[in-house]
Amino acid sequence: MKTMIIFSKYKILCFSLVFLCFSFIGCVQKETKQLVTEEPKTYYEANWNSLQKHDTPQWMLDAKFGIYCHYGAQSVKLDLGNNDMSDHDAILQWKGEKFNAKEWVDLFQKAGAQFAGPVAWHVNGCLNWDSKITDWNSVQKGPKVDIYGELAKEISKTDMKLMASFHSSTLWGRMSKSNDAYLDPAGDYKRRGDTPGVHTPEGRYTPEYLNGWLDRMKEGYELYQPDMVWVDVGFGGTVGPELRKQLVDGKIVESDRELYIDGIREDIQKDYISSYFNAALDWGKEVEFVYKSFDIPPGVAMRDIENGNLDGLQFDPWMADINMQQHITWPTVWFYNPKNYIKDANILIDMLADITSKNGRILLNVPPKADGSFAENIKEELYKIGDWLNLNGEAIYGTTPWTIYGEGPAYIKNAGHHGQGKNKGTEIPKYTSKDIRYTQKGSDIYAIVLDWPEEPLDIKALGYNGKLYPGEIKKISLLGSEAELEWAQNTESLTMVFPKEKPCDFAYVLKVERN
């Protein structure tokens, strides 16, 4: 009897071991099957057809407000009041003793930014990162700090996305043939064709320059893995002809002036963009590339408008890089200059609402002083923007445009590049309580009223002969206010009576919930 019990236990043990073995084999087979059936990455080829398969990531569509900073040689020249100083000498005098990446990123967060980063390279040959290619970088020269790297490290600790902009030389390059040959910041301004080692006699970039440019640009993303790369006018050179009205909506038109489209050769452009997109696949990141005007074909990336705005609802997502400084004189200066005054929070919030309603987003230039600190008046306005977004951000962040972007008398007087950066700000519209901008999220519509209405407000877009049917509105509330609102929907409009107390100091958001 005892033998039979032992044998039975032995049989049970054997069956258990066999079961475990088969279970293990099944798990291994299942895991192996999953590995085998995992789809391989599809890498981009260096041609426009392949690159057009890239989609703007959802995080970029949701992001409406970013911050970047112009910081470098020009900061020093403006601080010293000596704009005739060469970039070479300015870099050698650049101390940046108050630069603190954590303080910068804290300021970006308090302002409500969703993406942020540095101007990583601006015109001369000094790179704002720890380059292994050239000694002309912010670690070996100037402040002896990895500006890009320190900001990347701090931004990675937040929910913000990392962006970096690259402003390489254009038709007027600060280059010379000394030391680093074609990318040393020792030279003064040179006309195209007059800079040996940089331009050919015909004014085109030499192969040596292009290779040096590409090496630096690739190093800029390889070291820090930015979520977004933005390139300025030097990338494709179409902004100049566009501003001179030689290139209109992508068409060359008759002109008495010589047509010259400066910029990086197309094969180099395609090499760079495809390499960046493919690197992002290896990082497991969804990234975006942003460019100016007609520098590359449509459908590849996102277009940017410099210090300006577009008139009308746009079908493609776009970005406006807006200078927080309002220039007293032209040309513009994007580095901190105490002689220029600062756009206040009221202006910037109105611009943000207007641009967001048209399928855009703002990248705001917030320039630090030469020492790396920010002026108090700049910080004050950024804090006000952050307070407004903290209260009203649901009408901006993660929204999509409505079929009607707005109503009211204000309009963009000079659409396109620099359209809101000249003439002491006179071309920026003066928004009133009749100017309303719309966004939406889910089934809710947000009506952003750009000034406080003292009288009952008629909102034409919400009348029941418009987009909304009778009885479609379930509730209307004023963000930041607990007051019960009086409203009546009729054929031509929706009449809204605002409460006595304002919930904030700037634009006022009505949330329209629908049945």
Side-chain angles (χ1 to χ4, degrees), residues 57-71 96 98-120 128 145-165 224-230 285-288 290 319-325 336 342-349 351-353 355-356 360-369 371-399 479-480 504-507 509:
Q58 189 61 48
W59 72 258
M60 188 74 203
L61 296 175
D62 290 341
K64 309 300 181 183
F65 181 48
I67 290 176
Y68 77 136
C69 304
H70 281 69
Y71 188 42
K98 293 184 180 179
F99 172 78
N100 184 307
K102 186 178 185 307
E103 290 180 4
W104 280 34
V105 173
D106 286 345
L107 179 61
F108 302 160
Q109 284 191 290
K110 288 176 181 175
Q114 295 165 287
F115 55 100
V119 170
N128 282 349
V145 172
D146 185 351
I147 296 166
Y148 185 2
E150 290 296 312
L151 288 170
K153 181 172 66 176
E154 292 300 326
I155 288 171
S156 70
K157 299 175 184 177
T158 73
D159 293 332
M160 289 186 292
K161 298 291 186 179
L162 173 66
M163 63 80 57
S165 69
Y224 307 107
Q225 301 185 8
D227 301 282
M228 176 188 132
V229 163
W230 174 56
K285 277 188 172 185
E286 292 184 299
V287 300
E288 183 61 304
V290 185
M319 186 175 85
D321 65 299
I322 300 296
N323 195 351
M324 193 171 180
Q325 293 185 121
Y336 178 72
I342 300 300
K343 293 185 178 82
D344 62 33
N346 187 29
I347 289 173
L348 291 170
I349 289 168
M351 292 175 76
L352 178 61
I355 288 170
T356 300
R361 66 256 321 114
I362 281 181
L363 175 61
L364 183 66
N365 175 53
V366 179
K369 298 178 181 178
D371 64 12
S373 65
F374 290 93
E376 287 301 316
N377 60 338
I378 284 180
K379 291 193 288 187
E380 287 171 8
E381 298 306 320
L382 290 176
Y383 294 148
K384 291 175 186 177
I385 295 170
D387 289 343
W388 187 88
L389 283 167
N390 189 50
L391 187 69
N392 300 287
E394 68 174 275
I396 300 294
Y397 300 143
T399 60
L479 295 188
C504 56
D505 295 326
F506 310 115
V509 180

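Scope of the values below: all heavy atoms of this structure, side chains included, with no hydrogens, waters or symmetry mates.
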Subject >> Plane angle bin for Phe99 and Tyr71 - parallel if under 30°, tilted between 30 and 60°, otherwise perpendicular >> reply: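 Ring orientation of Tyr71 relative to Phe99: parallel.
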
Distance in Å, [X] [atom1] paired with [Y] [atom2], rounded so as to fall on 0.5 Å steps:
{"X": "Ile322", "Y": "Leu348", "atom1": "CD1", "atom2": "CG", "value": "8.5 Å"}
{"X": "Asp227", "Y": "Met60", "atom1": "CG", "atom2": "CE", "value": "10.0 Å"}
{"X": "Ile362", "Y": "Met324", "atom1": "CD1", "atom2": "CE", "value": "11.5 Å"}
{"X": "Leu162", "Y": "Ile155", "atom1": "CG", "atom2": "CD1", "value": "5.0 Å"}
{"X": "Phe65", "Y": "Ile396", "atom1": "CZ", "atom2": "CD1", "value": "10.5 Å"}
{"X": "Asp159", "Y": "Gln109", "atom1": "CG", "atom2": "CD", "value": "7.5 Å"}

Subject >> Evaluation steps, side chain to side chain contact (heavy atoms under 4.5 Å, CB included), between Trp59 and Leu61 >> reply: CA-CA 5 Å; Trp59 72 258; Leu61 296 175; over 6 Å; no

Original post:
Listed by chain and number, what are the salt bridge (Lys or Arg N to Asp or Glu O under 4.0 Å) partners of Lys384, not counting sequence neighbours?
Top reply: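 Only Glu381 meet the salt bridge (Lys or Arg N to Asp or Glu O under 4.0 Å) criterion with Lys384.
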
Original post:
NZ of Lys153: more than 12 outside heavy atoms within 6.0 angstrom?
Top reply: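 For Lys153, atom NZ is not crowded (no more than 12 foreign heavy atoms under 6.0 Å).
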
Original post:
Are Ser373 and Tyr336 close enough, and set up right, to give a side chain to side chain contact (heavy atoms under 4.5 Å, CB included), and what steps lead you there?
Top reply: CA-CA 10 Å; Ser373 65; Tyr336 178 72; over 6 Å; no

Report yes if some heavy atom in the side chain of [X] is under 4.5 Å from a heavy atom in the side chain of [Y]; otherwise report no.
{"X": "Pro118", "Y": "Asn128", "value": "no"}
{"X": "Leu389", "Y": "Leu352", "value": "yes"}
{"X": "Phe108", "Y": "Leu382", "value": "no"}
{"X": "Glu288", "Y": "Lys161", "value": "no"}

Any side-chain to backbone donor/acceptor pair from [X] onto [Y]? Under 3.5 Å, distance only.
{"X": "Trp104", "Y": "Phe374", "answer": "no"}
{"X": "Lys369", "Y": "Ala375", "answer": "no"}
{"X": "Tyr397", "Y": "Gly112", "answer": "yes"}

Original post:
Can the ring centroids of Phe115 and Trp230 be said to lie less than 6.0 angstrom from one another?
Top reply: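 No, the ring centres sit 6.0 Å or more apart.
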
Subject >> Working for side chain to side chain contact (heavy atoms under 4.5 Å, CB included), residues Met228 and Val287 >> reply: CA-CA 6 Å; Met228 176 188 132; Val287 300; over 6 Å; no

Closest contact, heavy atoms only, [X] versus [Y]:
{"X": "Met160", "Y": "Ala116", "answer": "SD-CB, 4.1 Å"}
{"X": "Ile347", "Y": "Asp344", "answer": "N-OD1, 2.9 Å"}
{"X": "Ala507", "Y": "Trp388", "answer": "O-NE1, 2.8 Å"}
{"X": "Leu391", "Y": "Gly480", "answer": "CD1-CA, 3.5 Å"}
{"X": "Met163", "Y": "Tyr68", "answer": "SD-CB, 3.7 Å"}
{"X": "Val509", "Y": "Ala395", "answer": "CG1-CB, 3.6 Å"}

Original post:
Are Asp106 and Lys102 close enough for a salt bridge, meaning some N to O gap below 4.0 Å?
Top reply: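 Answer for the salt bridge query: yes.
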
Subject >> Partners passing side chain to side chain contact (heavy atoms under 4.5 Å, CB included) against Glu103 (at least two apart in sequence or in another chain) >> reply: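 Glu103 satisfies side chain to side chain contact (heavy atoms under 4.5 Å, CB included) with Asn100 once adjacent residues are dropped.
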
**OP:** Go through the steps to decide whether Asp321 and Val290 satisfy the test side chain to side chain contact (heavy atoms under 4.5 Å, CB included), and finish with yes or no.
**Re:** CA-CA 11 Å; Asp321 65 299; Val290 185; over 6 Å; no

